[in-house]
Amino acid sequence: MINNIGKISRRALLASMTAAGLLLAGSGSAYAAEDITLGLVSPLSEPGDARSGDAIKKTADLWVKLINGAGGIGGRQVKLAVFDDQGKVEVGASAMERAITEANASAILGIWSSSVALAQMEVAKGYNVPLMAFYSWSDDITAKNYPQVFRIGPYNSQIAAQMVPFVKDRGYKKVVVLAEDTAYGLGFAKAFEEAVKAAPDVTVEVVQFQAQTQDLTAVMSKVAASKPDAVIVQTVFSATNLSIKQGREVGLKADIITGWDWPLLPDFWSTVGEAGVGVVYPTFSDPSLNITATGKTFVDAYKAAYGHEPAIFQYYLWDNFNAVKAAIEKSGSSEPAKLVETLPGVTFEGTIGPVFFRNEAGTVNFHQWDKFAMFFKKLNKVGDGEKEAELVQVAK
Amino acid sequence: MTQLFVQSLLLGLLQGGLYALLAVGLSLVFGILRVVNFAHGEFAMLGSFAAVFVVDMLGLPVWTGLIAAAVAGAAIAYATNILVLRPIYLSRMRQKGEYTIIATFLLSQFLIAAATLSFGTTYRKLPGLWDQNLAIFDYIYLSGNRIVAFVAAIAMIALLFFIVYRTDIGRAWRALTQNPLGAAVVGIDVNRYANLAFLASGAFAGLAAALLAPLMFVFPASGVIALVKAFIVVIIGGLGSIRGTLFAGLLLGVVEVMCTVYIDTGYTDAYGFALMIAVLLFRPQGLFGRTGRAV
Amino acid sequence: MTRIVLETQGLRKAFGGNQVIDGIDFRLAAGELVAIVGPNGAGKTSFLNLIAGQFRPNAGTIQLAGADVTQLAPNVPARRGLFRSFQNGGAFGRLSAIQNVALAGMVRGLGRREAESEAGKALARVGLSPVADWPADHLSGGQRKLIDFARLLLAKPEVALLDEPTAGVNPAIMEVMRAIIAEMRDKGVGFAVISHDLPWVFGLCQRVVVLASGRVLAAGSPDEVSADPAVREAYLA
Amino acid sequence: MTKLTHHLVPLLFVAAGLGLSLIGLRPVVADLLILSVYYLLLAGSWNLLAGFAGQYSFAHIGLATAGAYGTAALVIAGGLSGWATLVIMPLAVALLGGGLGLVALRVRGVQLPLITFAFAGAFAVFLAAASDITNGSMGLQLPKLVPGFDRSLYLVLGGILAGLFFIVQNWMIDGKLGLLMQAIRDNEDIAHGMGVGIFRVKIAAFMITAAIAGLAGSFYANYVGVLAPSMLSMGEMGYVVAMAVIGGLGYRYGPLIGVVIIRSIEYFVRGFGAEYTLVIITGIALLVVLFFREGVIAYVSRLMPRQTARWRS
């Protein structure tokens, strides 16, 4: 076994020397035509949310294809270095470091879960490389005010604040927040408890459950017995469907307001059936949204490539990529440090309107784009999709 | 609040019936071979995938899915016994019990990984035989599928009782459970009955998974949950005791639901573990297990 | 009268409804060798298990070298000078022969190095030096029984209980065993030996205890016992 | 292998750690090696417990996780330095392990894997659900021993810890305790009858191996700097078991071989995606279990028959 150790280290040594050699060769020969590498660190396998990871990867691939087809950025081709974070914080952090040190990524995109993002922020800070968040909702991501971290997408306290008027207008007095025991579930629950203080006559109870559960009947029985007016479900798709189905099974009569775009996933109706009727879901997407020319290009290309419409978070991701592109064009460099400097000042046409970052130091609105509207939609019959759903309220 | 209590009790019992069905096979196999099968949950998982295949892809009626699940579960269990376990328990190595645990544990990890690779991580759904929510006197709320599943589970366990206490196979099983050496001496073919026990074990696991599928989902890691529940049940009930398995299944169901409702919703799976640890500490052979060393 | 090193009084043990040992009074003096014989199922091995603490008696007392060891875990009598061999040899399969033997010295308080050097000598004494480094699993049945005897040399007990030491071993090994037993007896070790090999064991012992159905059927010198009609009947039945 | 070689191995690891830190490895290779030390400590100590003492505990990863979270607690809430935790946590986890040992004395045979499995499962549920304390899947961040991304110190530390492990292992296996443990593994009843104090030996085995697991966990926490409940999963336990079994359970260098094999495979197949990695690793482990029951070491040593006895323990 002594020999084996020797082999490993020798191999490691050789590998690192070869890598260094290649880099030198690369930088020496053709600097102008050097490719731009963007790191994509996403949950591509379990226990991560591999489904969303797949959608992220599709979006990224499409963007790279379109950009390169149009001649790249400033004549330089773009390539992706894809890494799997498995939904684990430590894997995400080390994957990001590899994207930076091995692949020389100019910026890191594609992060999904807030917990992974929070760990990656330390890496971004350490290496001074931009980290682009889009659908990771933890306030901390921008509230920590790391100069390297940017977000084009919503965050918990803002979402929660926009939820409060809706709760008031609908006349709910007693609300249960059903939250999975993850950053996603509990992060929102906390933010909502905070935000709802603005409406003193609404009582809120947070019911926490294990994210990987397969049986929510007991939890839903308890929720049903407390006879709330509304249940806000904050969990990912499988438990979303379970909570609706099993909630109705145990006689839950309250309105169910469920997580974001989960009801639009193809397995929603086939799993919840009749129980899904009457469910309200908040979303950032609505046909009334003003899709820009950039957005149309994206949607058309996406439909052509994959045969279905992209979800709203993919719009934000598209904007993330375009933000990096804008920064490279503006600074004329793909150096990460240059991008960190340039990004706060970029403006460009996003998919649903102009994008620019708010840069209010000391607040959550630092390197944060927040021009999104929240739509509350109701599913009135089995099989309703985005187009059929009834728009019951808009929060801007 | 009595409504919540009655509702929880009933839910717990219905759930417990399925736990018992998941666990009987594990208990049976342990009784006969002294093998703790960590891959039992994957028999269930692959069974439910077979049901999805038959019902969803081939478009056959729902009841054929149950049969497909039982057949698939039995086939995989049989293969596991022949390919993985028999070489070990026929060998002359020490600590066979522990070694079969390692082997089946690795097999289980392998099957999960392989299933993830072949089927993807998508959650699938199986239609049930009675897809309707019932409101009994506007007091008890249940889905029809839950009742179907419970009735089927109890019927299957009753069938197993009949086999064990009224047929020659059952008599041989009992002989092997009580005195493996004696049974071998009087000419009972251990291999044959071990195979039969594995067939039954896999069929029950597959069937239980297919009955659970309309209430929950089908996905590659679902076997882990099934395994954990089955373990807790057989350990509480006493390894090798079918009567104990039935009782412990119902007990686990009720304890889980009651604690979830009345203590804390966030720790559902922990209650089963706590129950199991308590039983093992105070009565290591399980509630219905015989005294003396099982292994 | 010589010193009594082992004494049981009214020893009883039942498994379920099955009375395996049904009131045995037994005494063993220093340097004495008592043969314990009896038909299969007479309770011979169970009797040794009770003395060694492997089973807890339901009733009765056990005195080892004057101290009461009734109801104590088996490692206690072992540390107080009780040695016990097992029917199938008590070897630990993955340990080498020398390690197997050294253990006996280590439980007596020797350090590992010291125990292993003594074990080497003991193995030489029983003729196992060539296989000292072999795992016990690779040894023959007879060699494994010799390991017990090498241990006996290291353990330096007050009392040695041997369970079928000669079953399935060749005459040369039996001779080694006999010599070791004789040597140990000279040092005052009391032996209780279960054996089916009556000529061999009768040639060694002063006294024979015949067990049947958990009771002492007869006791006395080999000649007396051989002549006892009750014994003949028990063996024939 | 002679005793001298056994004593040289720890030195070799310390030297390797120092040497590699001077060379300046790529972060990915350094990561691979440093986390391999974590796995070596775990697989190695599990091998001592299961392979040498015959106590098949499935709570080993749970103990490491306890060590990691304990480290985080001491650093974050207690304000201690990470270095202190490397000393404190092994001791604290040893006490936990002693508790498990008490449980182990209550049950025998296959019930031990089951009850330890239950302990680990309950602990995993707790880590995720008690997010007020553990921060749940949000992850618990703690400062690293060395701020920034310089791995050289960790390579040195990893080499030292691996060396330390082999010193402890040599002391155990070549000492009294190791022999007593193996006697209990091979036949508890006979060992007991020979005068071996089962209670003390089992508790000692559990405590020492738990201390090593606690050290592994503390090292992990201090290196990775962020903890999440996913650290404690049955998959991770399977990984550690697979390492020990592939190399050779009950062999001194079995876990080392297992760690080298599995980590190398992992390194070379990582491009295929996590599922493929898992299928390949569990598949290989399963094949070893079925066809080379005593692991790679036993298979190789059988090819050199004269060495057989020497290779064993």
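A, B, ... follow the sequence lines: proteins, then strands. Residue 1 opens every chain.
- Classified by interplanar angle (parallel below 30°, tilted 30° to 60°, perpendicular above 60°), the ring pair F117(D)/F273(B) is perpendicular.
- Considering only heavy-atom pairs separated by less than 4.5 Å from chain D, the leading option among T100(B), I101(B), D269(B), L111(B) is I101(B).
- Proximity to chain D involves both the backbone and the side chain of A103(B), based on heavy atoms less than 4.5 angstrom apart.
- No part of Y271(B) comes within reach of chain D, as not one of its non-hydrogen atoms sits under 4.5 angstrom from that chain.
- Ranked by heavy-atom pairs under 4.5 Å with chain D, the first of G272(B), S108(B), P87(B), S91(B) is P87(B).
- Ranked by heavy-atom pairs shorter than 4.5 Å toward chain B, the options L290(D), L114(D), D186(D) are led by L114(D).
- With a 4.5 Å cut-off on non-hydrogen atoms, V36(B) touches chain D through its side chain but not through its backbone.
- Using a 4.5 Å cut-off between heavy atoms, F126(D) touches chain B through backbone and side chain atoms alike.
- Most heavy-atom pairs under 4.5 Å with chain D, from the set V35(B), L83(B), V84(B): that is V84(B).
- Here the closest non-hydrogen pair linking L287(B) and F247(B) is CD1-CE2, 3.8 Å.
- In summary, the side chains of Y89(B) and N81(B) do present a donor paired with an acceptor at a separation below 3.5 Å, with no hydrogens or angles considered.
- Using a 4.5 Å cut-off between heavy atoms, L280(B) contacts chain D through both its backbone and its side chain.
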Does Y19(B) form a side chain to side chain donor-acceptor pair (under 3.5 Å) with E256(B)? I'd like the steps, not just the answer.
CA-CA 11 Å; Y19(B) 288 165; E256(B) 267 188 5; 2.8 Å; yes
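- In this structure, F58(D) has its ring center no closer than 6.0 Å to that of F119(D).
- In terms of heavy-atom pairs under 4.5 Å with chain B, the best-connected choice from G238(D), A50(D), S131(D) is G238(D).
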Any chance you could lay out the side chain to side chain donor-acceptor pair (under 3.5 Å) test for E236(D) and Y39(D), step after step, and finish with the verdict? CA-CA 10 Å; E236(D) 280 289 300; Y39(D) 285 112; 2.9 Å; yes
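- Only the side chain of F105(B) comes within contact range of chain D, with at least one heavy atom under 4.5 Å from a heavy atom of that chain.
- Proximity to chain B (any heavy atom under 4.5 Å) is shown, for I281(D), by neither the backbone nor the side chain.
- R293(D) forms no cation-pi arrangement with F291(D), by the criterion of a distance under 6.0 Å to the ring centre and an angle within 45° of the ring axis.
- Aromatic pair F198(B)/Y78(B): centroids not less than 6.0 angstrom apart.
- With a threshold of 4.5 angstrom between heavy atoms, I232(B) does not approach chain D through any atom at all.
- With values rounded to the nearest 0.5 angstrom, S118(B) atom OG is found 9.0 Å from L46(B) atom CG.
- Heavy atoms of A124(D) lying under 4.5 Å from chain B are absent altogether.
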